[in-house]
Amino acid sequence: MPNKSTHKILVVDDDDDIRIIVATLLRTAGYDASTAENGFDALLQLRHAAPDLIVSDLNMPQMSGFEFLSVIRRRFPELLVIAMSGAYASGDAVPGGVIADAFYAKGGQDLEALLRIVADLLQASASRRVAHRTEAAPVWIPRNGKDSTGKPYVVLTCTQCLRSFPLHVSEGVNPEVVETPCIFCLSAVRYIIDFSLSVASPAPQAGQVSVQRGVAKGPAQRESSAPVSWIRESPRL
């Protein structure tokens with residue numbers, strides 16, 4: 001088993017209750033857990049200190065978790081990542097452009113499963129970090145609107161020559177990674193159009209267990225009525 005006291009974990013979620021529950025669970029298990037309200041907040045914290053593992057929600061305002069994880073893999077390939085969302089029933093349903101080491105679906109019953117996957121990832125950290133260096137994370141980009149003829153387009157930036165160019169795209173939402181050659185240097189640019197605004201998490205169901213059960217709270221933790229038993233184990237990505 002890893003020495004938990006040496007492992008730092010960053011929990012990223014815009015929901016205050018969920019952020020506190022997950023961080024408290026990890027601290028109770030002996031990990032050094034910190035929190036961030038969204039992807040921008042997390043990136044600012046990473047400028048000062050990098051954790052060993054990140055647990056991130058996918059549906060967040062300002063910077064979606066989809067875009068955040070893409071940035072993490074490109075800028076911090078050594079970091080381990082667990083993605084979580086209530087919009088997908090399992091890791092197999094998550095779009096291929098999301099690069100993470102594991103996935104948790106909000107709405108399950110087993111909080112202990114989260115601790116197991118955290119421990120497993122930390123034990124396999126050396127091999128996972130080597131694998132990360134061979135994975136090319138796609139660039140997540142927003143839609144830029146329509147041109148003068150009414151056709152939708154995006155602006156891509158080549159990761160090799162760093163020059164930007166426009167590209168016409170379809171009207172529909174495509175949650176898959178697409179590849180196109182740079183018009184300047186012909187290098188392949190892998191991208192995915194940020195569809196996070198079209199993804200909705202289900203509303204919490206009535207009768208879920210409250211935070212008073214299952215999670216020990218320290219003196220600094222505030223009371224909350226948020227559900228505890230919302231995480232379940234799913235296949236790794």
Side-chain angles (χ1 to χ4, degrees), residues 8-23 25-26 33-47 50-108 113-114 117-118 121 128 132 135-143 154 173-178 190-204 226-227 230-237:
K8 297 181 179 180
I9 301 177
L10 177 62
V11 180
V12 187
D13 200 304
D14 62 303
D15 188 300
D16 294 341
D17 293 324
I18 292 176
R19 196 168 62 246
I20 290 173
I21 290 169
V22 175
L25 173 72
L26 293 169
S34 56
T35 63
E37 296 180 356
N38 52 56
F40 287 127
D41 184 15
L43 290 175
L44 288 174
Q45 294 189 36
L46 289 173
R47 294 178 61 183
D52 299 292
L53 185 148
I54 293 176
V55 180
S56 177
D57 185 30
L58 291 179
N59 299 339
M60 295 185 291
Q62 299 185 50
M63 173 183 281
S64 73
F66 301 95
E67 182 180 4
F68 172 62
L69 295 185
S70 176
V71 172
I72 289 298
R73 187 50 50 86
R74 283 184 282 118
R75 291 185 55 187
F76 307 94
E78 72 280 2
L79 295 185
L80 303 171
V81 174
I82 297 174
M84 59 183 180
S85 174
Y88 305 101
S90 70
D92 293 335
V94 178
V98 178
I99 300 180
D101 299 289
F103 175 78
Y104 273 83
K106 298 178 182 179
L114 175 60
I117 194 63
V118 167
L121 285 180
R128 292 302 308 167
H132 289 175
E135 297 172 346
V139 176
W140 281 74
I141 54 174
R143 289 182 179 271
V154 295
V173 174
N174 179 19
E176 301 300 327
V177 178
V178 183
R190 300 177 72 246
Y191 70 95
I192 186 168
I193 298 174
D194 193 343
F195 57 88
S196 59
L197 294 180
S198 66
V199 177
S201 297
W230 53 263
I231 300 179
R232 72 177 173 186
E233 188 171 12
S234 302
R236 297 186 186 181
L237 297 182

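Every heavy atom of this structure was used, including side-chain atoms; hydrogens, water molecules and symmetry mates were not.
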Just jot down the salt bridge (Lys or Arg N to Asp or Glu O under 4.0 Å) partners of Arg19, sequence neighbours excluded, or say none.
-> Asp16

What pair of heavy atoms forms the shortest contact from Ala23 to Ala33, and how long is it?
-> O-CB, 3.8 Å

Please round to the nearest 0.5 Å and tell me the distance separating atom CG of Asn38 and atom CG of Leu43.
-> 9.0 Å

Distance from Met60 atom CE to Asp41 atom CG, nearest 0.5 Å?
-> 10.0 Å

Heavy-atom distance under 4.5 Å between the side chains of Ile193 and Val178, does that happen here?
-> no

Provide the closest heavy-atom pair for Val81 versus Leu69 in the form atom of the first, atom of the second, distance.
-> CG1-CD2, 3.3 Å

Which distance, rounded to the nearest 0.5 Å, do you find between the CD of Glu78 and the CZ of Arg73?
-> 10.0 Å

Would you give the length of the straight line joining atom CD of Gln62 to atom CD of Glu67, rounded to the nearest 0.5 angstrom?
-> 11.5 Å

So CG of Leu79 and CD1 of Ile72: to nearest 0.5 Å the spacing works out to 6.0 Å

State whether the side chain of Asp52 and the backbone N or O of Lys8 hold a donor-acceptor pair below 3.5 Å, judged by distance alone.
-> yes

Out of curiosity, Met63 CE to Asp14 CG, how far, rounded to the nearest 0.5 Å?
-> 13.5 Å

Would you name the heavy atoms of Leu58 and Ala83 that are closest together and state the gap between them?
-> CD2-CB, 4.0 Å

Is there a side-chain contact between Asp15 and Asp57 (heavy atoms, below 4.5 Å)?
-> no

Is any side-chain heavy atom of Met84 less than 4.5 Å from a side-chain heavy atom of Asp13?
-> yes

Answer yes or no: is there a side-chain heavy-atom contact under 4.5 Å between Pro51 and Leu80?
-> no

Does any non-hydrogen side-chain atom of Phe68 lie less than 4.5 Å from one of Ile54?
-> yes

